[in-house]
2 protein chains.
Amino acid sequence: MSTSWQNVQDEALRRIHSREWPPGAQIPNEADLARELGCARATVNRALRALAQAGWLERRRRAGTRVAVAPLRQAQLAIPIIRHEIEARGQTYSHGLLTRRTGPMPPQVCASLGVPQDVPAQEVRTLHLADGRTYALEHRWVYLAAVPGFADANLEEISPNEWLVLNAPFDHGTFDYSAVAADAEMSTHLECPAGTPVMMLERRTFGPTTPVTHVRLAYAPGFRLHLSI
Amino acid sequence: MSTSWQNVQDEALRRIHSREWPPGAQIPNEADLARELGCARATVNRALRALAQAGWLERRRRAGTRVAVAPLRQAQLAIPIIRHEIEARGQTYSHGLLTRRTGPMPPQVCASLGVPQDVPAQEVRTLHLADGRTYALEHRWVYLAAVPGFADANLEEISPNEWLVLNAPFDHGTFDYSAVAADAEMSTHLECPAGTPVMMLERRTFGPTTPVTHVRLAYAPGFRLHLSI
DNA sequence: AATTCGCTTATGTATGCACATAATTGAGTC
DNA sequence: GACTCAATTATGTGCATACATAAGCGAATT
């Protein structure tokens, strides 16, 4: 077998770890490396490209490739579908629809999604349960122009979260987690005293062309957001 | 100009969004697509591979390529150096060393890092400040066998966080965020009443072969963890 | 019917070549 | 010295080809 791009990647990582290629240093160019390692330049390119994507290297045309000083890595972000999140813990998922109404979004939400005021929208409040116990309280605004079918969706069978993931896959979005004190509504639904620290997620998602939805999720006390690199 | 892999990617994404290729459906094989789009199979391969990595497609040898049903996406997690986090907000960073001592790690930390008890380790408590105001309180255990130089590091000039990022780049790690009530120590250093909701990060990082460090970071009230996809 | 084995097929990867593109360098000019 | 512009160079990409590898499928065997 000849040298695979994985081998090249491993060798490069070894040199980075061993400080043979210290942080900030420029590494040999693709052609030289290919010659040294006995493979084609395309193979080296593939390996170095992967390392750059993983954050170990920084590459610029003509300027060459150097070892990243402060690697910016990518973390796997846990699952878009809350049902899966819960089932992955071996618990049984269920959900309850609290309120649902059509009307204009509050100005703050409009601004956050970048849509004009008075666009048709729907507000939904949902409770996510794990083994019958509250897991998260969801407050969602859906931009109906982006997902017309949502207005007629049966949200008893399938949660708005899951309906949207299946019917309006998103292109990009932002996630903002913060720690807040439970307000009266959270206190009621999450079964904790008012003021209890609660993890709050504010999420905006966008389709290829338009905004889709704005969600605030309050997780029950004890929730942990787990990421790994 | 001929068809680039980006064009192929765009076209594939278009078909996914337009439901021409609905979720779960199998898409044409690389050779057919290449013929249809007028490019080489390698070009189609590059495009589909990228889409698979981004979570839009699932590929298996011989079985072909299908549109992902519930895309698991990757979020950019901008971590490593708190100083950069603060300077990116246009604030001035400084830090203060609270305590530093060498001794055995608590059993819990040992277990979390997967090292035997009584291994040489160092405990450091640090305060991170933004414009002179507390930003985060750090409580760290460093496994000295993995980074011998740490015992002699001058942590007045450079924070342990930054020293480790520069001197012991990590291979992988786990991040666990949770919302907790400020205890007495946090209350003092983060300048908030005890019980205030506070974002807490528990992070374990590992080098290519050994564990490196275990950190608990308590962020000042108002902290938001921002991710985007 | 169950199992084994080999054929087929779709993706995965390596290679050599060509050309595109960005950006630095340096020579030439004012 | 400051500026312009072209040559140089390292990465980025496309293509044709070849072979590798996983896995589905079906025929042959038990």
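Residue numbers start from 1 in every chain, and the chains themselves are labelled A, B, ... in the order their sequence lines are given, proteins ahead of strands.
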Flag this pair as yes if the NZ/CZ of Arg100(B) is under 6.0 angstrom from the six-membered ring centre of Phe150(B) and inside a 45 degree cone about the axis; otherwise no. yes
Where the side chain of Ala40(B) is defined as all heavy atoms beyond and including C-beta, which of dG12(C), dC15(D), dG14(D) is the nearest nucleotide? dC15(D)
Examine the base of dT11(C) for any acceptor or donor lying under 3.5 Å from a partner atom in the side chain of Arg49(B), and report the outcome as yes or no. no
Return yes if the base of dT21(D) and the side-chain atoms of Arg62(B) contain a donor-acceptor N/O pair under 3.5 Å, otherwise no. no
Phosphate OP1/OP2 of dA10(C) contacted by Thr65(B) side-chain N/O (<4.0 Å): no
Does Asn45(B) have a side-chain nitrogen or oxygen under 4.0 Å from the phosphate oxygens OP1 or OP2 of dG12(C)? yes
So if I take every side-chain heavy atom of Trp5(B) and compare against dG14(D), dT11(D), dC15(D), which nucleotide ends up nearest? dG14(D)
Short side-chain N/O contact from Arg60(B) to OP1 or OP2 of dA22(D), under 4.0 Å: no
Side-chain N or O of Thr43(B) less than 4.0 angstrom from OP1 or OP2 on dT13(D)? no
Residue Ser4(A), side-chain atoms from C-beta onward, closest of dA10(D), dA14(C), dA23(D): dA14(C)
Between Arg61(A) and dA20(C), does any side-chain N or O lie under 4.0 Å from OP1 or OP2? no
Hey, is the side chain of Arg46(B) poking within less than 4.0 Å of OP1 or OP2 on dT13(D), counting only N and O atoms? yes
dT17(D), OP1 or OP2 - any side-chain N/O from Arg41(B) closer than 4.0 Å? no
